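Residue numbers start from 1 in every chain, and the chains themselves are labelled A, B, ... in the order their sequence lines are given, proteins ahead of strands. Computed from a predicted structure; not experimentally measured.
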Amino acid sequence: MPSSEIQVVLPDGSKKALPAGATGADLARAVGPGLAKAALAIRVNGEIRDLQRPLPDGATVAILTNKDPQALEVLRHSSAHALATAVRQIFPQAQIGFGPPIEDGFYYDFDIGRPFTPEDIEAIEKKMAEVTKADYPFTREEVSRAEAKKRFRDDPLKLERISDLADNEIISIYTDGPFVDLCRGPHVPSTGKIQHFKLLHAAGAYWRGDERRQMLQRIYGTAWFTKQDLDQYITRLEEARKRDHRVIGKQLDLFSIQEDIGPGLIVWHPNGAILNFELRRFIEDIILQRGYQLVYTPNVTREQLFLRSGHLPLYAANQFPAMAAGEGESEEVRYRVKPMNCPMHILIYASQQRSYRDLPIRLAEIANVYRNERSGTLHGMLRVRGLSMDDAHIFLREDQIEEEIFNMLDIVELVMGKTFGLQYRLDLATRPDKKLGTDAMWDVAEKALESALKRRGLQYKMDVGGGAFYGPKIDIKFNDAIGREWQGATIQLDYELPERFKLEYTGADNKPHRTVMLHRAIFGTLERFVGFLIEHFAGAFPLWLSPTQVRVLPIADGQMDAARAVHETLRQAGIRSHLDERSETLNYKIRDAETHKIPYMAVVGQREAEAKSVAVRGRGAGNKQVVMPVAEFVQKLKEEVHTRSLKPLI
RNA sequence: GCUGACGUAGCUCAAUGGUAGAGCAGCUGAUUUGUAAUCAGCAGGUUAAGGGUUCGAGUCCCUUCGUCAGCUCCA
C-alpha cells in the first residue's frame, strides 16, 4: 500500500481507504453527506476522539452521531465549554476551574469574586444561546508544557492543573470562538451542535473537592440531542419530586422531623412506625433462623470504652459531646451516647472464654445510635443523626471468613432482591488514608472479601480508598428518587478491634488464637432503608408493609353495622383494617383511600351486607372490583401478607 | 461545616413598605350516596425566633434556629 494512503475498519467490518492525514470528518464525508452532517465524534480503537484529528492507519473506527450515548457525553462536555464561553463574555475576569460532563448534564466551576445570582444565571443562559447560535468550531491544538503555562499565565487554577499533569501527558487546548481552555477533549465539531440545554442551578463547590481550599461557584446544566429529550428530562425531575420520601412521608403521615426536637432526628408517626415494626420483625426472623442471637445494649457508655476501641480520636467530631455522670469530669465518669455498637458486643463476646467450636458467634441488635453529622449533610430520612442500625457482629476464625461472607451475601440477595425487588450495586471498598492497623492486615482482609464476592459470582465495583478506618467493606448502594446514590447494606471485616480488645478463642490445639470480627448491616439503618422504600414504592407499599391494609367503606349508614362486622373480622384475623365511618359519598371515600395508597378497599353496600360479602377494589385497579365472601377475603389477605407478595393477589 | 436560595393557617400557595387571604384538610349542620372530590356554615395566624430602620414591616437591615440545592464528610 502506498504511504500516501491509510485504511480504516468500519463497524460492519468493511475497510475504507483514505488519503494519509485524513480526519474523522473526512471519513464521514467519504461515507456520505448525511453522515457528515450528523457526525459528532469518532471512536478510534475504542477511544472517543474529535472528528478533526487525523486517523491512524489500520484503526477500527465508528462515527458517533446523536444515536450514541457516548456522543451525548461529548455534547455535554462541549456544553460545559459553551457555558464557560458565555460566562467569560459576561465576566471577563472570571477564573475557571473544571467543566466535565456528568450524568444527565454538565457543570463548570468559576470564581467571579462573588456568587452568581439567579439573574446572572438567566443572563448567562441567554449568552450561552448566542454562543451556540454563533456555531463556533471547536479547534484542538497540542502544546508543550511551557507553551501551556504561557497561554494560561493569567489563570492560576489552570496553571495548577498543568503542573499536576504527568510529564508524558499530552497537553491539549481547545478553542471555541473567543474561549480557550485547557482540556483533554473530545468535543463536538462546533457549538452549534448544542441546541437543547438548560442551566439548572448554581452552588458553591470547593476547588478540587478539598474543603480547605477556596470555594468556587459551580453552575449545573443539562443538555440533550432533542427538545423532546430535554422536556422528558424536566418532566422526570418533576415526577421524581413527587416520589421524594419527604413529600410522601408528609402525605401519608409516616414521620416528621421537628425543629423543637432537633434536626436529623426522625419522629416515627403511627403509620411509619408500622413500617419500622414490620421490617424489624422481618429481619429478626431471618437472622434467628440463621444462627444469630439477639442482644440489647445501653445507649450510653463510659467514654473510656471508645478510647479503648480507638474510635474516639478518629470519630470524636461525629460524636455528641461527653456528659458528666457522678462527681466531676474525670475520664472515669464521663459518658458518651454511643455512635456504634461494636465495643459493647465485643464485651459480650469477651465476657467468657470461647472455644473454636463455639464460633462463629453472631450477635445482632437493632439499636439506636447517635452521630453528630454535620448540619449540611442531613437529608430527610436518608441522612440523619439518630440511626436505627440493624447491626450485627460476628466473631469467627480466620478460616470461616469466606463462608460467613458468602452467607451474608445470601441474606442481602434475599432481602434486597427477592423480597423488595430492588436494584442495587455492590462495591468493594478498600483501605482509606485515615486508618487503623497495618498494611499487612489490610492485605489479608481485602482479599477475603473479594474471594467471597467472586465465589458468589456477583458483579461488583472497586471503591479504592472507600473503606472504613478499621477495615475493608462490601457496600450495597442504591439511588434515591432524584438519582443520588446512598449506601444501604454493608459488610465490614475488622482485624483491628479484636487486637485492641485482645479477643481470643481456644483452638483445637488448646492454645489461644486471635478472633476475627465482622460488622454487618442488611438494611443499613431503618431510617435510610424506609426512606428508600418510600421512594421505591412511591408510598404504595406491598400489603405486608402497608400501615393500613384495608379500608372498609360502607356505602350508606344503613350498612354501618355490617361494615363494622367486616372490620372486626379483619382485625381479629390480624389485618390492619380501618373503617371509614364518615358521612361522605362512596366516591369521596374511594378517592380518599386511593390518595392514601391503601392496598384494598372493601365496599359494603346493601347487597354485600345481605350476602355477608365484600366488594373488593384494589389500589390503582380502577373500578375492577371482585365480590367475595368475607371469609375468602380474609384468606387471600393472609396469604398475600404471609408470602410478602410484591403483587396484589386479588 | 462551607456557598447560595428560602421560612406566611395542619398541607399547597397568594399578599407595590399601608386592614394577612385562597384552595384542600379540620369542625358543625344538612345530605344516605354503588366505585377517584355532595352542599352550606364555622373556626383556624405573635407571618420561624429575637433585635433594628420606618408614621407604618410578612415585605428593608442584623443575629440565631431550621429547610432546600450543591460541595465536603458518611449508614
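A salt bridge does not link A/Asp580 to A/Lys589: none of the charged side-chain nitrogens sits closer than 4.0 Å to a carboxylate oxygen. Ion pair A/Asp592/A/Arg582 flagged as a salt bridge, since at least one NZ, NE, NH1 or NH2 atom sits closer than 4.0 Å to an Asp/Glu carboxylate oxygen. Ion pairing between a basic and an acidic side chain is recognised when a charged N comes within 4.0 Å of a carboxylate O; A/Glu594 and A/Arg619 show no such pairing. Salt bridge A/Arg88/A/Asp155: present, at least one basic N to carboxylate O contact under 4.0 Å. A salt bridge links A/Arg425 and A/Glu485; the closest N-O separation between the charged side-chain nitrogens and carboxylate oxygens is under 4.0 Å.
Shown for residues 109-119 of chain A: residues whose heavy atoms fall under 4.0 angstrom of RNA chain B, namely A/Pro115. RNA chain B is contacted by A/Thr525, A/Arg528 of residues 521-531 of chain A, taking any non-hydrogen atom closer than 4.0 Å. Taking every heavy atom of residues 259-272 of chain A and every atom of RNA chain B, pairs under 4.0 Å involve A/Glu259, A/Pro263, by number.
Across all strands, A/Lys473 comes closer than 4.0 Å only to sugar-phosphate atoms, never to a base (heavy-atom distances). Among the atoms of the strands shown, none is found under 4.0 Å from any heavy atom of A/Gln251. A/Gly209 comes within 4.0 angstrom of sugar-phosphate atoms only, judged by non-hydrogen atoms across all strands, and of no base. Residue contacts shown for A/Arg374 include a base, since a base heavy atom lies under 4.0 Å away. Backbone-only contact: A/Asn587 has heavy atoms under 4.0 Å from sugar-phosphate atoms and none from a base. Residue contacts for A/Ala615: at a heavy-atom cut-off of 4.0 Å it reaches a base atom on one of the strands shown. Among the protein residues, A/Arg385 comes within range of no part of the nucleic acid, since none of its heavy atoms lies under 4.0 Å from any strand. Within 4.0 Å (heavy atoms only), A/Gly622 reaches no atom of the nucleic acid at all. Using a 4.0 Å heavy-atom criterion, one finds that A/Tyr206 contacts the bases of the nucleic acid, with or without backbone contacts as well. Using a 4.0 Å heavy-atom criterion, one finds that A/Arg246 contacts the sugar-phosphate atoms exclusively. Note on A/Ala556: a base of the nucleic acid sits closer than 4.0 angstrom, heavy atoms only. Across all strands, A/Met215 comes closer than 4.0 Å to base atoms (heavy-atom distances). Counting any heavy atom pair closer than 4.0 Å across all strands shown, A/Glu608 reaches a base atom. When heavy atoms are screened at a 4.0 angstrom cut-off, A/Val384 is found touching base atoms of the nucleic acid.
The side chain to side chain donor-acceptor pair (under 3.5 Å) test applied to A/Glu496 returns A/Arg500, not counting sequence neighbours. Taking the side chain to side chain contact (heavy atoms under 4.5 Å, CB included) definition, one finds that A/Gln251 meets it with A/Val247, A/Ile248, sequence neighbours left out. Remark: A/Arg280 pairs with no residue by the salt bridge (charged side-chain N to carboxylate O under 4.0 Å, His left out) rule, at least two apart or across chains. Qualifying side chain to side chain contact (heavy atoms under 4.5 Å, CB included) partners for A/Pro101, counting only residues two or more places apart in sequence or in other chains: A/Glu73, A/Arg76, A/His77. Residues satisfying the side chain to side chain donor-acceptor pair (under 3.5 Å) test with A/Glu535, not counting sequence neighbours, are A/His245.
Between B/A48 and B/C39, the distance separating the two P atoms is 33 Å to the nearest Å. Taking atom C1' on both B/U28 and B/G21, the two are 23 Å apart, rounded to the nearest angstrom. Separating the P atom of B/A69 from that of B/U64 is a span of 23 Å, rounded to the nearest Å. For the P atoms, the distance linking B/G51 with B/C68 amounts to 28 Å, nearest Å. Comparing B/G26 with B/U59, their P atoms are spaced 32 Å from each other, to the whole Å. Taking atom P on both nucleotides, B/A25 is separated from B/U12 by 15 Å, rounded to a whole Å. The same atom, P, is picked in B/C55 and in B/G70; the two are 45 Å apart, to the nearest Å. Comparing the same atom, P, in B/C60 and in B/G18 gives a spacing of 11 Å after rounding to whole Å.
For residues 478-497 of chain A, the pairs satisfying ring pair (Phe, Tyr, Trp, His ring centres under 6.0 Å) are A/His379-A/Trp486, A/Phe478-A/Phe532, with sequence neighbours left out.
Take the nearest nucleotide of RNA chain B for A/Tyr220 and for A/Thr490: the residue whose nucleotide is more 5' is A/Tyr220. When the nearest nucleotides of RNA chain B are assigned to A/Met601 and A/Arg371 by heavy-atom distance, the more 5′-ward of the two goes with A/Met601.
For RNA chain B, the span of nucleotides reached by chain A at under 4.0 Å from its heavy atoms goes, 5' to 3', from B/G1 to B/A75.
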Extract all donor-acceptor atom pairs below 3.5 Å that involve side chains of residues 257-270 of chain A and protein atoms in other chains or at least two apart in sequence.
unit_1	atom_1	unit_2	atom_2	d
A/Gln258	NE2	A/Ser256	OG	3.0
A/His269	ND1	A/Asp253	OD1	2.7
A/His269	NE2	A/Ser256	OG	2.7

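Among the candidates A/Glu365, A/Gln492, A/His345, the single residue satisfying the side chain to side chain donor-acceptor pair (under 3.5 Å) test with A/His393 is A/His345. A/Glu239 pairs with exactly one of A/Arg236, A/Lys242, A/Arg243, A/Arg241 by the salt bridge (charged side-chain N to carboxylate O under 4.0 Å, His left out) rule, that one being A/Lys242.
A distance below 6.0 Å separates the ring centres of A/Phe110 and A/Tyr108.
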| task | Give the C-alpha distance, both sets of side-chain angles, the deciding distance and a yes or no for side chain to side chain contact (heavy atoms under 4.5 Å, CB included) between A/Glu160 and A/Arg208. | result | CA-CA 10 Å; A/Glu160 182 179 332; A/Arg208 312 202 86 174; 3.3 Å; yes

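A/Asp104 and A/Thr222 form no side-chain donor-acceptor contact under 3.5 Å, judged by distance and modelled atom types alone.
Between the side chain of A/Asp244 and the main chain of A/Arg246, a donor-acceptor pair closer than 3.5 Å is present.
The strand RNA chain B forms stems, runs of 3 or more Watson-Crick or G-U wobble pairs with distances below 3.5 Å, at B:1-7 with B:65-71, B:10-13 with B:21-24, B:26-30 with B:38-42, B:48-52 with B:60-64.
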